[in-house]
Amino acid sequence: MDERFNRWLLPPLLALLFLLIVYQYVSPACPGAACPRRPPASAARRGGDPEERGEEEEEAAAMPRLTAKFPFARGELCRRVRFDMRGRDVIVFLHIQKTGGTTFGRHLVRNIHLEQPCYCRAGQKKCACHRPGGDKDTWLFSRFSTGWSCGLHADWTELTSCVPAAMERRGCAGNRTLR
């Protein structure tokens, strides 16, 4: 009986399970006219149907308010920091695991349109990110430009103490500006 089950009944059951899973991801959330169409919230704010505005206000009141766990002052969030690529400023990229840091770090060296873009050789992970007009001084301290100079996944404390010494070892002794 067990062998017959494995041979004749198991493959169709697995195929059916597979089709159900595929249907779940491919099918629309609201097939046909099952979902009512509502104008976007911006239309209601501009003075749309008063009945709809009342519904939105009720929904907003029913939803719990989220409070900021770490409230930052507006000035801190909107401040402008001037970065002088030609001067002595260095961007130190703090890589935090499982936050998309690898993808973002790759974009920093490969996809930013700069006066002098980073030079990346095919097949190598590290790129040379030199300042415009310079051949040795770098403007970026990250895994993809200098490697793991301060250790694997160095935290803020390790980077703060390690970066000046690592920059001096690389021959960039003038880089003392840390932000």
Side-chain angles (χ1 to χ4, degrees), residues 24-25 28-30 35-118 120 125-132 137-170 172-179:
Q24 176 185 357
Y25 286 104
C30 295
C35 294
R37 297 234 177 230
R38 299 183 71 181
S42 60
R45 272 187 250 118
R46 285 184 301 225
D49 191 11
E51 188 175 299
E52 288 180 10
R53 271 187 281 162
E55 288 175 15
E56 278 190 20
E57 289 170 4
E58 287 175 15
E59 288 175 12
M63 292 179 68
R65 286 256 183 224
L66 298 176
T67 57
K69 190 172 186 179
F70 302 104
F72 292 100
R74 187 169 199 75
E76 292 173 8
L77 296 173
C78 298
R79 73 179 174 160
R80 300 265 185 215
V81 178
R82 296 193 48 87
F83 176 72
D84 184 16
M85 184 181 284
R86 292 179 171 276
R88 297 172 31 174
D89 292 348
V90 176
I91 293 177
V92 179
F93 179 66
L94 173 62
H95 182 117
I96 302 172
Q97 298 178 62
K98 305 297 181 197
T99 60
T102 300
T103 303
F104 183 74
R106 256 191 231 114
H107 284 298
L108 275 176
V109 296
R110 294 187 180 155
N111 299 332
I112 296 180
H113 298 289
L114 300 169
E115 183 180 332
Q116 181 176 340
C118 296
C120 302
K125 291 184 181 180
K126 287 188 347 182
C127 302
C129 298
H130 299 299
R131 296 184 188 279
D137 203 9
T138 185
W139 59 270
L140 177 65
F141 189 92
S142 79
R143 163 189 175 184
F144 292 103
S145 62
T146 59
W148 294 106
S149 302
C150 294
L152 187 67
H153 297 290
D155 64 7
W156 173 257
T157 308
E158 291 169 321
L159 285 173
T160 305
S161 62
C162 168
V163 169
M167 293 299 283
E168 285 183 24
R169 282 192 309 266
R170 294 182 55 83
C172 307
N175 292 319
R176 289 288 183 183
T177 307
L178 294 174
R179 294 183 188 187

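Residue numbers start at 1 and run along the sequence shown.
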*asked:* Is any side-chain heavy atom of Asp84 closer than 4.5 Å to one of Arg131?
replied: no
*If you measure from SG on Cys120 to NZ on Lys125, what distance do you get to the nearest 0.5 Å?*
13.5 Å
*Output every pair passing salt bridge (charged side-chain N to carboxylate O under 4.0 Å, His left out) with a member in residues 142-163, not counting sequence neighbours, ordered by first then second residue.*
none
*Would you mind listing every salt bridge (charged side-chain N to carboxylate O under 4.0 Å, His left out) that reaches into residues 91-113, with sequence neighbours excluded?*
none
*Please list, chain by chain and in numerical order, all residues satisfying salt bridge (charged side-chain N to carboxylate O under 4.0 Å, His left out) with Arg86, sequence neighbours excluded.*
Glu115
*Could you list the residues that satisfy ring-ring contact (aromatic ring centres under 6.0 Å, His included) with His107, not counting sequence neighbours?*
none
*asked:* If I take atom CZ from residue Phe93 and atom CG from residue Leu159, how far apart are they, to the nearest 0.5 angstrom?
replied: 10.5 Å
*Locate the shortest heavy-atom distance separating Val109 from Cys129; write the atom from each residue and the value.*
CG1-SG, 3.7 Å
*CA sep, side-chain torsions, deciding dist, call: Thr138, Met167, side chain to side chain contact (heavy atoms under 4.5 Å, CB included)*: CA-CA 9 Å; Thr138 185; Met167 293 299 283; 3.6 Å; yes
*Quick one: list whatever passes ring-ring contact (aromatic ring centres under 6.0 Å, His included) with His95, sequence neighbours left out.*
Trp148, His153
*Does Leu114 have any side chain to side chain contact (heavy atoms under 4.5 Å, CB included) partners at least two apart in sequence or in another chain, and if so, which?*
Met85, Ile112, Trp139
*Any disulfide bond (SG atoms under 2.5 Å apart) involving residues 70-116? Give me the pairs, sequence neighbours left out, ordered by first then second residue.*
none
*With sequence neighbours left out, write down each residue that passes side chain to side chain contact (heavy atoms under 4.5 Å, CB included) with Leu77, or none if nothing qualifies.*
Phe72
*With sequence neighbours left out, what residues match Ser145 under side-chain hydrogen bond (donor to acceptor under 3.5 Å, both in side chains)?*
Ser142
*For Phe144, what residues pass the ring-ring contact (aromatic ring centres under 6.0 Å, His included) criterion, not counting sequence neighbours?*
none
*What is the distance from atom SG of Cys162 to atom CZ of Arg169, rounded to the nearest 0.5 Å?*
5.5 Å
